[in-house]
Protein chains: 2
Amino acid sequence: MLEQLASGETNVGTLAEPHAMSQPAVSKHLRVLERAGLIRRARQGREHRIRVDPEPLEAASTWIGRYARFWKQEFDAVDTYLKARAKQARSETSSKEREKR
Amino acid sequence: MLEQLASGETNVGTLAEPHAMSQPAVSKHLRVLERAGLIRRARQGREHRIRVDPEPLEAASTWIGRYARFWKQEFDAVDTYLKARAKQARSETSSKEREKR
DNA sequence: TCGATGCATAACCAAAAGGTTATCTAATGT
DNA sequence: ACATTAGATAACCTTTTGGTTATGCATCGA
C-alpha cells in the first residue's frame, strides 16, 4: 500500500480499490502509518489527501545502509577465517585418521 | 536481536541471554531469519555460529533510498502546491463573505 | 434543509506472531 | 559407555495483526 502511495497523493477511498479491501481497513492502516510518521494527511473538507513523508524512510535507509556496510566487512573477514579453519581442520582430521591406524 | 548480531558472530545460546528469552524462542527467530536470507549459519559440531548476511539488507536500503528520494520530490512539489492553493482559498473565502453581506 | 458522500469508530472474528515448557537428537568430555 | 551440553522440535497458550460489518459524523450538492 505504501508502494501505491508512491504513485502520488490520493484520498482514502481511492486507496482501497486496487487492494481487495474495505474502506475501514484502509483507515486503520493509515492511522498506523500516520502514528509511525510515515505519511501526512491534509484534510480539505470531507476528503483527506494522503502523501508519503520521505524523511523517516530516508533515515531508515541510511541507517540500514551503514549497518549493512559494516556487516559486509565482518562477513568477509569471518568468511576467510572460516575457510582457513576448514582447511586446517581437514589436515587435522587426516592426521587423526593416520593415528587410528 | 539483529542489532545484537551486529556485534559479531555468536552461537544460539549466547543470543538468548541478554533478552529475557528462552532458547527455543531464539531458535524460532533464527529459523525465520534464515529462511528470509538475513542470516547465515555454520554448524561446527554441536554449535551453530550465526552471522548476518549483509547483501539483502543492503539491497533493501538502496531500494528504500531510491523511493525516499523520489518521494521527497513529490513531497516538496505537493507542499508548494498546497501552500499556493491555501492562499488562493483564503482570498476566495473572503470574496464569498463579501457576497453574503 | 436534506439525501448522498468521505471517512472514522466500534464491536467483533480468524489467523499469525511470539512466547512458554517438555522432550528429542546429536556431539562432547570424561 | 555415559552424563552433559547445544540446539531443534512439538504442543500449547496469549497477544497482536489484519480484516470484517454496522453505524456515526461532518461536509457537500441540490
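In what follows, chains are A, B, ... by sequence order, proteins preceding strands, each numbered from 1.
The side chain of R46(A) lies closest to dT5(C), out of dG18(C), dT5(C), dG7(D). Ranking dG19(C), dG7(D), dG18(D) by closeness to the H29(A) side chain, first place goes to dG18(D). Side-chain proximity of S27(B) to the nucleotides dG7(D), dG19(C), dA8(C) is greatest for dG7(D). Considering only the side chain of H48(B), dG7(D) comes nearest among dG7(D), dC7(C), dG19(C). For N11(B), whose side chain is taken as the heavy atoms from C-beta onward, the closest listed nucleotide among dG7(D), dA4(C), dC7(C) is dG7(D). In the set dT20(D), dT9(C), dA8(C), the nucleotide with an atom closest to the side chain of S22(A) is dT20(D).
In this structure, W71(A) and Y67(A) have tilted ring planes: the angle between them lies in the 30° to 60° band.
Distance I39(A) CD1 to dC7(C) P: 12 Å, rounded to the nearest Å. Atom C1' of nucleotide dA11(D) and atom NZ of K28(B) are separated by 10 Å, given to the nearest angstrom. Atom-to-atom, CZ of R43(A) to C1' of dA8(C) comes out at 9 Å; the value is rounded to the nearest Å. As a whole-Å value, the separation of L30(B) CG from dA8(D) C1' is 11 Å. Spacing between atom CD of Q23(A) and atom P of dT20(D) amounts to 11 Å, rounded to whole angstrom units. Here dA26(C) presents its C1' atom at 15 Å from CD of Q44(B), a figure rounded to the nearest Å. Rounded to whole angstrom, the span from the CZ atom of R41(A) across to the P atom of dC7(C) amounts to 9 Å. L33(B) places its CG atom 13 Å from the P atom of dA17(C), with the value rounded to the nearest Å.
In terms of position along DNA chain D, the nucleotide closest to P24(B) lies nearer the 5' end than the nucleotide closest to the other residue of the pair P24(B) and P24(A).
Residues S27(B) and Q23(B) bring a donor and an acceptor atom of their side chains to less than 3.5 Å of each other.
Taking CD of E34(B) as the start and NE2 of H29(B) as the end, the distance is 14.5 Å to the nearest 0.5 Å. In this structure, OG1 on T10(A) lies 8.0 Å from CZ on R49(A), to the nearest 0.5 angstrom.
Using a 4.0 Å heavy-atom cutoff across all strands shown, E47(B) reaches sugar-phosphate atoms only and no base atom. The residue R31(B) sits close only to the backbone: its heavy atoms come under 4.0 Å of sugar-phosphate atoms, none of a base.
Salt-bridge annotation for E55(B) and K72(A): present, with a side-chain N of the basic residue lying under 4.0 Å from a carboxylate O of the acidic one.
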